[in-house]
Amino acid sequence: MGVPKRKTSKARRGQRRSHLALPSACLGRCPKCNQAVRPHHVCGNCGHYRGP
Ligand SMILES: [Zn+2]
């Protein structure tokens, strides 16, 4: 098994994790009340679910 020779520094670790953030704009619109809703979730305002 390959074993790392050096401890990953805080800077190195941060550089790697700089790409891990999720986009904040993962929101859709409820077709009934036009509220912002997460995809594949029931609308919190009117309870509408865009199913099959
Ligand atoms: Zn709604």
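Note that these values count all heavy atoms, side chains included, but never hydrogens, waters or copies made by symmetry. First listed ligand is number 1; within each ligand, the first listed atom is number 1. Please read these numbers as outputs of a predicted model, since none were measured by experiment.
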Visitor: Mind listing the side-chain donor-acceptor pairs of residues 28-51 below 3.5 Å, one per line with the distance, residues two or more places apart or on another chain?
Guide:
from	atom 1	to	atom 2	distance (Å)
R29	NH1	N34	O	3.0

Visitor: To the nearest 0.5 Å, tell me how far R12 CZ sits from K7 NZ.
Guide: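 Rounded to the nearest 0.5 Å, the CZ-NZ separation comes to 15.5 Å.
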
Visitor: For distances below 2.8 Å, what is the count of protein N, O or S atoms around the Zn ion (ligand 1)?
Guide: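 Number of qualifying protein atoms: 4.
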
